[in-house]
Amino acid sequence: MNRTLLCGLGVLLTCVGLIALKTRWDAVDSAEHLKAAREALELRQYNEARRHGDSAVTWLVPQEHREEAWYLTGRAYLEDQQLARIDRLPKAMEFLAKVPQQSSWYPQTALAMANDKLFEAKSSREALQIIDEALRDWPHDAGLNAWKLIWMTVTNRTALAEPYFRAGANSHGPDAEKLLQVWLQSQFAPHDLETQFDRQLGVAGSQESTTDAIRLERWTTLKRMNLAEPTNYAAIGEWYLDHGFLLEALEQLHAGRSAAEMSPDPCFLSVSVRAFCEAGQVEVAGPLLTPLQHLAPDYLHPVAAARVALARNQPDVALRELVAARQSWPGRLDPWLSKTLEQLYRQKGDADSVTVADGLMAEREWLAAQQSKLQQVLVRKLEPTDRTWLIDFLGRLNREFEVATLNTVP
């Protein structure tokens, strides 16, 4: 009896040992296939990426290996332009849909699906829905927040973008550095972000850089994708205002009014106040300040209130509102705010006010002088000398959060 028991125990232990050994071998083999799949995907060798992705999944591999393999295989189908979209999309979604939302690979999966929805399917609403749902589960993911920063930039809403930088700024590694670069580009040098986006969207050629005309085409294209999004009407309306086409701006805002009523948007309200004030319809602009205060109290509301005050010939009220707006970060970079505030201080005429006005002009000139260097620094990997320069630059603007983030970049 004891001998039989011992023999059985020996067989059991042998089986357990063999399973453990098999599990280890499978994990090592899976890791090698995943490495090969990543490299093939980087080189756009999609057949190889799919082959290695499939080989990385066996019944004994760790769950995280499965999830990465599904993500890589799904992307390899999604991005393979040699396959017809009608053939590759179902296969891509078959694998990407397997990645659970709790997986560390889910944020990258969501990014892949959102980019496909935006740039291939031309559905900005579905793309945003995917990203927003992913952010609910991964609110601090650097990649997801970088996507939102780019989206805010290309839809003319950089004034509302800071929360996405702050949400993802505590992450680590290359994604954190990328997020910081995207944030700084969005605020100081957005042209390269816009150019890459416009080429993917198809409103700019593969060798074209974004121009003013391309920006208008971008917003028109996005508006056609989603007529219920008031932000694009606002962006087009502001473009017309900046170029002196007041009637066309008012037409755009009128066309977007029903969309704005269904989905109140601070940018739409802000541009509407500006347009009505420039049209001399201050009685129409004034009532818009109340909903705008609820949606964007720190910057867009006081700027809009200042425009209404100026239209009513209330310079002291306008000055007070612009001083308040300048306390927020977007207010430090707004050239219209700075120039208007400078003029209002100069009109006061006393020595202290003139000193403040001189300071505003000097800061604008200093910012303009930094643009060339900023353009160079923000399009390349942040080397130590670049970080030192940026820390000094941002320190002069009292941006302690970015300085602290830069100090954590390896």
Side-chain angles (χ1 to χ4, degrees), residues 30-57 61 63-138 141-151 154 174-175 178-179 182 193 195-206 218 221-222 225-226:
S30 175
E32 291 176 354
H33 280 297
L34 289 174
K35 181 175 182 294
R38 287 193 295 269
E39 292 172 350
L41 191 60
E42 186 71 23
L43 296 171
R44 299 183 180 181
Q45 297 171 348
Y46 298 115
N47 284 329
E48 281 294 291
R50 290 193 290 268
R51 183 174 69 82
H52 285 291
D54 287 339
S55 298
V57 179
V61 300
Q63 179 66 13
E64 59 267 24
H65 285 209
R66 297 172 185 273
E67 292 165 357
E68 182 180 2
W70 294 331
Y71 161 70
L72 293 171
T73 305
R75 266 193 61 193
Y77 275 110
L78 203 62
E79 298 174 15
D80 190 351
Q81 298 295 323
Q82 297 301 312
L83 301 175
R85 180 173 170 78
I86 195 172
D87 296 323
R88 59 186 166 89
L89 184 60
K91 294 295 293 183
M93 295 309 299
E94 175 187 335
F95 288 96
L96 295 175
K98 292 181 180 180
V99 182
Q101 287 185 301
Q102 295 73 31
S103 168
S104 61
W105 288 99
Y106 186 76
Q108 294 185 61
T109 301
L111 289 170
M113 292 190 294
N115 285 333
D116 177 79
K117 290 295 185 183
L118 180 58
F119 299 119
E120 293 287 335
K122 305 299 183 186
S123 175
S124 57
R125 175 181 289 176
E126 289 184 274
L128 280 168
Q129 183 178 354
I130 290 170
I131 295 297
D132 289 340
E133 288 178 356
L135 278 169
R136 281 196 284 272
D137 290 308
W138 297 88
D141 182 79
L144 293 171
N145 281 291
W147 195 98
K148 287 289 288 196
L149 280 178
I150 294 171
W151 179 253
V154 300
D175 285 346
K178 174 64 175 177
L179 175 66
V182 169
L193 295 179
T195 292
Q196 182 180 358
F197 182 91
D198 291 337
R199 290 174 180 174
Q200 289 181 277
L201 191 64
V203 296
S206 61
R218 177 208 307 156
T221 300
L222 292 175
M225 285 186 194
N226 183 9

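Counting heavy-atom neighbours within 6.0 Å of Gln63 CD, excluding the residue itself, gives a total above 12. Atom CD of Gln196 sits in a sparse spot, with 12 or fewer heavy atoms from other residues, nucleotides or ligands closer than 6.0 Å. In this structure, Ile86 places its CD1 atom where only 12 or fewer heavy-atom neighbours from other residues, nucleotides or ligands lie under 6.0 Å away. The number of heavy-atom neighbours closer than 6.0 Å to CZ of Arg85, taken from other residues, nucleotides and ligands shown, is above 12.
Side chain of Arg218 to main chain of Val154: a donor-acceptor pair is present (N/O by atom type, distance under 3.5 Å, no hydrogens or angles). Side-chain N or O atoms of Trp138 include none that pairs as donor or acceptor with a backbone N or O of Ser104 at under 3.5 Å. Between the side chain of Lys122 and the backbone N or O of Leu201 there is at least one donor-acceptor pair closer than 3.5 Å. Of the possible donor and acceptor atoms, none in the side chain of Asp116 sits under 3.5 Å from a partner among the backbone N and O of Ala112.
Between Trp147 and Asn115, the shortest heavy-atom contact is NE1-OD1, 2.9 Å. Here the closest heavy-atom approach between residue Ala76 and residue Arg50 is recorded as O-NH1, 2.9 Å. Shortest non-hydrogen contact noted between Ser124 and Asn226 is OG-CB, 3.6 Å. In this structure, Asp80 and Arg88 approach most closely via the heavy-atom pair O-CD, 3.0 Å. Taking each heavy atom of Gly74 and Ala92 in turn, the nearest pair found is O-CB, 3.4 Å. The heavy-atom pair separating Pro90 from Asp87 by the smallest distance is CD-O, 3.6 Å.
Using a 4.0 Å cut-off between charged side-chain N and carboxylate O, Glu94 and Lys91 make a salt bridge.
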Take Arg51 and Glu48 through the test salt bridge (Lys or Arg N to Asp or Glu O under 4.0 Å) and record every step on the way to the result. CA-CA 5 Å; Arg51 183 174 69 82; Glu48 281 294 291; 3.0 Å; yes
Output, in order, the C-alpha distance, side-chain angles, deciding distance and verdict of side chain to side chain contact (heavy atoms under 4.5 Å, CB included) for Gln45 and Glu39. CA-CA 9 Å; Gln45 297 171 348; Glu39 292 172 350; over 6 Å; no
Could you walk me through whether His52 and Thr73 pass the side chain to side chain contact (heavy atoms under 4.5 Å, CB included) check? CA-CA 8 Å; His52 285 291; Thr73 305; over 6 Å; no
Checking Met113 against Lys117 for the side chain to side chain contact (heavy atoms under 4.5 Å, CB included) test, could you report, in this order, the C-alpha distance in whole Å, the side-chain angles of both residues, the deciding distance, and whether it holds? CA-CA 6 Å; Met113 292 190 294; Lys117 290 295 185 183; 5.5 Å; no
Checking side-chain hydrogen bond (donor to acceptor under 3.5 Å, both in side chains) for the pair Tyr46/Gln82: CA distance, chi angles, key distance, verdict? CA-CA 9 Å; Tyr46 298 115; Gln82 297 301 312; over 6 Å; no
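Here the straight-line distance linking atom CG of Leu111 with atom CG of Leu144 works out to 5.0 Å at 0.5 Å rounding. With rounding to the nearest 0.5 Å, the separation of CG in Leu72 from OH in Tyr77 is 13.5 Å. Separation of atoms CG (Leu34) and OH (Tyr71) is listed at 12.5 Å; rounding is to 0.5 Å. With rounding to the nearest 0.5 Å, the separation of CD in Gln108 from CD in Glu68 is 8.5 Å. Leu193 contributes atom CG, which lies 10.5 Å from atom CG of Asp198 (distance to the nearest 0.5 angstrom). Within the model, atoms CD of Glu120 and CD of Glu79 stand 9.5 Å from one another, a figure rounded to the nearest 0.5 Å.
Between Phe119 and Phe197, the angle of the ring planes goes over 60°, which puts this pair in the perpendicular group of the 30/60° scheme.
Looking only at side-chain heavy atoms (C-beta outward), Trp151 and Leu222 come within less than 4.5 Å of each other.
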